[in-house]
A.B. asks: 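Can you keep this structure in mind? I'll have questions shortly.
Small disclaimer: the values here were computed from a predicted structure and weren't measured. Throughout, residue positions are numbered sequentially from 1 according to the sequence presented.
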Amino acid sequence: MRNWSLADLWPRLAGPAEARVAATDALPHWRCLKAEPKQQGSVERGRALSRGVYSADGEEIEIPDGDIWNLAALRAELHGFAWLDDLAAYRGSDAVALAKRWVFDWMRGRTGGQEAAWLPHIAGRRVVRLRHAEFMLLAMAGTGERAEFAESIRLHARRLRKLHGNATVGLPRVEALAGLLYAELSTGGRLRSAQDAARRLGETGRTLIVPDKGLDSRNPEELLGIACLLDWCAALLASAGCLAPRALIDTIGESVSILRLLRHADGSLARFQGGGNPDPGRLDRLLASRPGAVPALAMGYARMASGGVSVIVDAAAPLTGWNSHSAHASTAAFEMVSGRCPMVVNMGPGAGFDAETQRRARATGAHSTVEIDAQSSSRLSAPVLQKAGREEIIVVCPDDIRIEQLPGDEGVTVIVSHNGYVPLFGLTHLRRLDLRPDGGRLWAEDTIWARSDEDRLVFDGALAGTGRSNLPFALRFHMHPDCGLKQLGVKEVGISLANGEMWRFRLEGAAQPTLEPSRYLDEGSGRICDSRQIVCYAEFEKGTAQLRWEIERVANG
């Protein structure tokens, strides 16, 4: 092997980008490039794994004989190595020992279920985690284990070169390409192959994340996952002395801009369209590294924020068709956070829970908006056969949605309307939200009416078909489990937050607020938490209805 001197390298390192790349490709130190840990697991789940307990679908499952690969029914999930993040977060000596044993058992083929292991997005997800945990896994390791680890990474690179194009478009495709890049930029990696993977990654990101429109799925958590992977890959390229493709950098910038809109005052990510917020710190770490302005409208979401209060509104239709198995009927729903305390929420994404819970979480009634006659503003199909099994997709959704934002001296106003209930009932829903400049009062008006003579005929026909004299509707406000609720009067409900703030919900119109049970799906812990909701029941009068309401701060903590 040639011994490189500074005199040999300087002309190449000081030249243009192409020369720097060529020089780096030949450097001996290239074989030692490490990936800095990026993913943050759960200390609580890591501690549970060390005790022999695995959390899945909201349940705690005992690990037979302390070997995670004995959970045969969960092997497809386990092959993504998410548990490695949790063990790395806990970092106890027992956790490190478990991580090493389970990882090397996998590498030695002692786990079974290898078909699912080599789905391109699973393989990509796994190799990224392996590279992030490399220091922990190889600490005090012998020559044999280091050789096994290096050969496994090379195997991932070979497989992903062939398989990445088979990954589903979206986050899975990005996971596969990111895994390929991570594998190439490893021991014995090939820099030119890594550059090709980076180019493909940039092109994929640019196709998926369109300026202002964002992702077709409109899933905030999916957007965050893609943005983080792209950002990690750009950082890894920089550590190798490579320039990331312009398409990659531009896509990261566009993603970060949208994510600023979707970040609540408490640092959490809005939970809409199947997206959750399992790791709030991941969002802050990404945004802190790339400063910028906060847009008021992007990816079909509108934002109002002032005085430490944030309100985010779903102002677009959900995705429809074969890829809509996680889309929600949440058009015109909103979330509200004050300071560090979530207040008005929705039930949650549902992923990782049982089929019935997922179905309920996707319905309009699981969101803070208007629900007519217990129906959703977007309709699900009967279960259809998909690659992952039988799943329900959205087949009918609003196709006339209008949004307007009006900043002014009295605060910020968002007006959104949709025709999601026109096919069933001939009714259009219009919601107006006004946030006061100090954030201390959210005033709103919900109007539901038949806009045209044709819509009126649909309403009359729907009413005649039920055999009832009128149609009921409900105005729902799902409250976070940490909120205390108390009925103050016929038209008022008191709301107490964990930070000591006191708020008051007040209603105007032909309805009364009632308190009912609700459920909050905590995707971070995998638990279903008991919560409550404010529900205002009413009926239409001559095919129209209007309710005015406000949520106002009455005392600071």
Side-chain angles (χ1 to χ4, degrees), residues 216-219 270-275 299-302 312-321 324-335 344-350 358-382 392-403 414-433 444-452 454-455 458-459 461-463 465-466 471-478 518 533 535-540 543-547 549:
D216 285 341
S217 70
R218 305 186 53 243
N219 182 324
R271 304 196 320 162
F272 282 115
Q273 295 303 325
M299 206 165 82
Y301 297 101
I312 299 177
V313 186
D314 185 345
L319 182 67
T320 60
S324 64
H325 53 272
S326 62
H328 287 215
S330 58
T331 307
F334 80 103
E335 296 178 344
V344 181
V345 296
N346 61 65
M347 186 172 168
Q358 292 184 47
R359 187 178 303 111
R360 289 184 59 183
R362 298 175 66 191
T364 297
H367 299 83
S368 297
T369 187
V370 168
E371 176 194 45
I372 300 178
D373 198 23
Q375 299 294 316
S376 290
S377 57
S378 296
R379 260 79 66 201
L380 300 177
S381 70
E392 293 168 313
I393 60 176
I394 289 185
V395 292
V396 178
C397 71
D399 60 6
D400 184 4
I401 301 175
R402 306 182 187 188
I403 173 75
V414 169
I415 303 173
V416 58
S417 69
H418 71 88
N419 67 341
Y421 288 111
V422 168
L424 287 177
F425 307 115
L427 296 169
T428 295
H429 176 206
L430 183 145
R431 164 167 279 183
R432 172 174 177 161
L433 298 164
E445 183 178 72
D446 283 293
T447 305
I448 312 104
W449 84 110
R451 292 176 54 193
S452 65
E454 182 180 358
D455 289 348
V458 174
F459 177 80
L463 190 58
T466 65
L471 281 175
F473 70 93
L475 173 60
R476 298 183 183 274
F477 303 85
H478 293 268
S518 181
Q533 58 177 312
V535 188
C536 309
Y537 293 105
E539 292 186 340
F540 293 94
T544 187
Q546 188 173 71
L547 293 178
W549 51 270

A.B. asks: Are the side chains of S377 and H429 in touch, meaning some heavy atoms are under 4.5 Å apart?
C.D. replies: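 No, their side chains stay 4.5 Å or more apart.
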A.B. asks: Hey, can you tell me if F334 and W549 have their rings parallel, tilted or perpendicular (30° and 60° cut-offs)?
C.D. replies: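 Correct class here is parallel.
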A.B. asks: Of all heavy-atom pairs between I394 and S378, which one has the smallest distance, and what is that distance?
C.D. replies: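 Scanning both residues completely, I find the closest heavy atoms to be CG2-CB, 4.1 Å.
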A.B. asks: Would you compute the distance between atom SG of C397 and atom CG of L319 and round it to the nearest 0.5 angstrom?
C.D. replies: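 So the SG of C397 and the CG of L319 are separated by 8.5 Å.
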A.B. asks: Specify the closest pair of heavy atoms between A317 and T331, including all atoms of both residues, with the distance to one decimal.
C.D. replies: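 Closest heavy-atom pair between A317 and T331: CA-OG1, 4.0 Å.
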A.B. asks: What distance do L471 atom CG and Y421 atom OH have between them, rounded to the nearest 0.5 Å?
C.D. replies: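 Output value for this atom pair is 11.5 Å.
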A.B. asks: Measuring from atom NE2 of H328 to atom CG of N219, what distance do you get when rounded to the nearest 0.5 angstrom?
C.D. replies: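 The NE2 atom of H328 sits 8.0 Å away from the CG atom of N219.
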A.B. asks: Mark yes or no for whether S376, through its side chain, and R379, through its backbone, hold a donor-acceptor pair below 3.5 Å.
C.D. replies: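 Between the backbone of R379 and the side chain of S376 there is no qualifying donor-acceptor contact (under 3.5 Å).
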A.B. asks: Say whether, by atom type as modelled, one donor and one acceptor occur between the side chain of R218 and the main chain of M299 under 3.5 angstrom.
C.D. replies: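 Side chain of R218 to backbone of M299, a donor-acceptor pair under 3.5 Å: yes, one is there.
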A.B. asks: Just so I know, are the side chains of F473 and L427 near enough to count as touching, which here means a heavy-atom distance under 4.5 Å?
C.D. replies: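 With C-beta onward as the side chain, the pair stays apart.
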A.B. asks: I'd like to know if the side chain of R362 reaches the main chain of A329, judged simply by a donor and an acceptor atom lying under 3.5 Å from each other, with no hydrogens or angles considered.
C.D. replies: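 The answer is no, because no donor-acceptor pair under 3.5 Å joins these two groups.
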A.B. asks: Less than 4.5 Å apart, side chain to side chain, heavy atoms only: is that true for Y301 and D314?
C.D. replies: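 The answer is yes, as the side chains (C-beta and beyond) meet within the 4.5 Å cut-off.
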A.B. asks: Hey, could you give me each pair passing salt bridge (charged side-chain N to carboxylate O under 4.0 Å, His left out) that has a residue in residues 326-335? Not counting sequence neighbours.
C.D. replies: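 Of all non-adjacent pairs touching residues 326-335, none passes salt bridge (charged side-chain N to carboxylate O under 4.0 Å, His left out).
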A.B. asks: Do V422 and T428 come within less than 4.5 Å of each other through their side chains, counting heavy atoms only?
C.D. replies: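 Yes - at least one pair of side-chain heavy atoms lies under 4.5 Å apart.
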A.B. asks: Is it the case that more than 12 heavy atoms not belonging to E454 sit under 6.0 Å from its CD atom?
C.D. replies: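 Open.
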A.B. asks: Give a yes or no on whether the backbone of D399 and the side-chain of N419 come within a donor-acceptor separation of less than 3.5 Å.
C.D. replies: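 Yes; at least one donor-acceptor contact below 3.5 Å.
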A.B. asks: How far does CG of D446 sit from CG of L430, to the nearest 0.5 angstrom?
C.D. replies: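 Between atom CG of D446 and atom CG of L430 there are 8.5 Å.
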A.B. asks: If you take all heavy atoms of M347 and R271, which pair is closest and at what distance?
C.D. replies: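 Distance-wise, the nearest heavy atoms are O-NH2, 3.2 Å.
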A.B. asks: For a quick test of reading the model, state the closest non-hydrogen atom pair linking A361 to A366 and the distance between them.
C.D. replies: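 Residues A361 and A366, closest heavy atoms: O-CB, 3.6 Å.
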A.B. asks: Any donor-acceptor pair under 3.5 Å linking the side chain of T364 with the backbone of S330?
C.D. replies: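 Judged by distance alone, no pair lies under 3.5 Å.
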A.B. asks: State which residues pass side-chain hydrogen bond (donor to acceptor under 3.5 Å, both in side chains) with S518; sequence neighbours excluded, sorted by chain then number.
C.D. replies: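 S518 satisfies side-chain hydrogen bond (donor to acceptor under 3.5 Å, both in side chains) with H478 once adjacent residues are dropped.
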A.B. asks: Measure the OG-CZ distance between S417 and R431 for me, rounded to the nearest 0.5 Å.
C.D. replies: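 Separation between the atoms: 12.5 Å.
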A.B. asks: Can you see which heavy atom on A333 is nearest to which on F272, and at what distance?
C.D. replies: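 A333 and F272 have their closest heavy atoms at O-CZ, 3.9 Å.
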A.B. asks: What I'd like to find out is whether the side chain of V345 reaches to under 4.5 Å of the side chain of S368, using heavy atoms alone.
C.D. replies: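 Answer no - side chains too far apart.
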A.B. asks: Could you tell me the separation between the CZ atom of R476 and the OG1 atom of T369, rounded to the nearest 0.5 Å?
C.D. replies: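 Taking CZ in R476 and OG1 in T369, the distance rounds to 11.0 Å.
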A.B. asks: If you compare all heavy atoms of F425 against all heavy atoms of A462, which two are closest, and at what distance to 0.1 Å?
C.D. replies: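 Closest approach of F425 to A462, heavy atoms only: CD2-CB, 3.9 Å.
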